[in-house]
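Below: one structure, written as structure tokens.
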Amino acid sequence: MNGRPDGSALVTGASRGIGAAIAKALARDGWPVGVNYRKDAEGAEAVVAEITGAGGRALALQGDVADPETAERLFGTLEGEFGPVLVLVNNAGVRADALSPQIADEDWQKVIDTNLSAAFRLTRRALRPMIRARYGRVVNIASIVGQRANPGQANYAASKAGLVALTKTVAAEVAKRGVTVNAVAPGLIETEMTDGVGEKLLEHVPARRAGTPDEVAECVRFLTTDGAAYVTGVCLTVDGGLTA
Ligand code: NAP
């Protein structure tokens with residue numbers, strides 16, 4: 001445990017994949033964790049059980065982050081249970097791939113709402129208590145697709161590039177308040193989201209393998225520590241050298 005104030009961590013989209021690994025890593029660091037999910041209650045409860053079984057504290061929190069009402073509900077519950085949310089990881093993400101001429105308005109909006117607008121709303125809700133505590137860590141899970149072309153993902157790429165721009169601006173706004181805001185941009189990571197899409201891309205990965213959720217979670221964990229207090233406004237790429 002560090003010299004940080006008492007409080008909790010909220011990880012969105014933590015019922016499986018990268019979010020589940022982040023929730024467990026933060027719990028190992030002593031944070032009581034809100035394990036948010038949209039549909040997969042069983043997955044979220046399994047993450048909570050693993051954390052509590054290892055002596056940590058966690059709570060499964062249902063909520064669609066794309067719904068503007070969700071931020072207040074998630075924060076209210078977590079604050080009541082575990083105290084102020086001092087770590088926010090905006091991890092929940094979706095994709096709806098198609099070449100640009102075929103992207104329907106609905107699929108454009110769903111991806112932007114979930115991956116970008118939700119992160120803004122949750123960050124907006126998170127900042128005041130963090131500033132009050134003179135301590136806060138926001139980590140946004142972006143993607144290398146926000147930095148380099150991946151045909152068929154214009155909506156997803158735009159959402160992730162927007163997330164990095166959001167990260168940098170908010171970081172500069174709150175840096176003098178003891179709050180850091182960073183992004184982590186994974187490359188190809190083995191999760192349900194990438195089921196069946198990775199084989200061809202792997203040839204281009206210098207490390208010649210996909211990354212694991214734990215390898216992303218470890219970078220996120222670092223950014224939430226006291227040791228990372230002077231790291232803000234960066235986007236840390238975790239991609240086995242793909243964009244090197
Ligand atoms: P995943 O296995 O598909 O898991 C997505 C998680 O997000 C699930 O827990 C899901 O919960 C939750 N979620 C989706 N929509 C939600 C919503 N509207 N509200 C609340 N929760 C929602 O994805 P992943 O691969 O772990 O990806 C996690 C993050 O990393 C995403 O932001 C993704 O864009 C990013 N990323 C992934 C890769 C990769 O290679 N896997 C690469 C770059 C970036 P429910 O099942 O309960 O709905």
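Keep in mind it's a predicted model, so treat the numbers as computed, not measured. Just follow the structure's listing: the first ligand is 1, and inside any ligand the first atom is 1.
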Does any N or O of ligand 1 fall below 3.5 Å from an N or O anywhere on [X], backbone included?
X	answer
N115	no
D64	yes
G13	yes
Y37	no
P186	no
L188	no
T114	no
G17	no

Please state which option from [options] has its nearest heavy atom closest to [atom].
atom	options	answer
atom 26 (O) of ligand 1	V184, I18, N140	I18
atom 44 (C) of ligand 1	P213, G93, A142	A142
atom 38 (C) of ligand 1	G187, G19, A23	G187

Indicate yes or no for a side-chain donor-acceptor contact from [X] to the backbone of [Y] under 3.5 Å, with no hydrogens or angles considered.
X	Y	answer
T194	I189	yes
T114	V111	no
S143	A185	no
N150	Q153	no

Determine, step by step, whether E72 and R121 satisfy the salt bridge (charged side-chain N to carboxylate O under 4.0 Å, His left out) criterion, reporting the C-alpha distance in whole Å, the side-chain angles of both residues, the deciding distance to 0.1 Å, and the verdict. CA-CA 9 Å; E72 189 50 49; R121 277 195 215 96; over 6 Å; no
Under 4.0 Å from a heavy atom of [X]: which atoms of ligand 1 are those, numbered in the order shown and with their elements?
X	answer
V94	14 (C), 15 (N)
S143	43 (C), 44 (C)
Y156	33 (C), 34 (O), 35 (C), 36 (N), 43 (C), 44 (C)
I189	39 (C), 40 (O), 41 (N)
N36	20 (C), 21 (N)
G63	19 (N), 20 (C)

Using only heavy-atom distances, determine whether the side chains of [X] and [Y] contain a donor-acceptor pair under 3.5 Å.
X	Y	result
N182	T167	no
Y135	D226	yes
T12	N91	no

Just let me know how [X] lines up against ligand 1, side chain, backbone, both or neither, with a heavy-atom cut-off below 4.0 Å.
X	value
A44	neither
T194	side chain
T191	side chain
K160	side chain
A14	backbone
V216	neither

Specify the protein heavy atom at minimum distance from [atom]: its residue, its atom name, and the distance to 0.1 Å.
atom	answer
atom 2 (O) of ligand 1	R16 NE, 3.2 Å
atom 30 (O) of ligand 1	I141 CG2, 3.4 Å
atom 19 (N) of ligand 1	V65 N, 3.0 Å
atom 11 (O) of ligand 1	S15 OG, 3.3 Å
atom 45 (P) of ligand 1	K39 N, 3.6 Å
atom 13 (N) of ligand 1	A92 CB, 4.0 Å
atom 23 (O) of ligand 1	M193 CB, 3.6 Å
atom 28 (C) of ligand 1	N91 OD1, 3.2 Å

Using a 6.0 Å cut-off, check whether atom CD of E106 has over 12 heavy atoms from anything other than its own residue. no
More than 12 heavy atoms of other residues, nucleotides or ligands under 6.0 Å from CZ of R128: is that the case? no
On the six-membered ring of W31, is R221 placed so that its NZ or CZ lies under 6.0 angstrom from the centre and within 45° of the ring axis? no
Closest non-hydrogen atom pair between D239 and V205, with its separation: O-CG1, 3.9 Å
Does the pair E215 and R209 meet the rule for a salt bridge (charged side-chain N to carboxylate O under 4.0 Å, His left out), with working shown? CA-CA 12 Å; E215 287 171 318; R209 65 173 179 86; 2.7 Å; yes
Please determine whether residues [X] and [Y] belong to a single hydrophobic cluster, defined as Ile, Leu, Val, Met, Phe, Trp and Tyr linked transitively by side-chain heavy-atom distances below 4.5 Å.
X	Y	value
L122	Y37	no
V138	V164	no
V234	V238	yes

Hey, mind stepping through D40 and R16 against side chain to side chain contact (heavy atoms under 4.5 Å, CB included) and telling me if it holds? CA-CA 8 Å; D40 186 6; R16 59 171 188 267; 4.1 Å; yes
Could you please spell out the steps behind the side chain to side chain contact (heavy atoms under 4.5 Å, CB included) verdict for L26 and V11? CA-CA 9 Å; L26 296 182; V11 184; 3.9 Å; yes
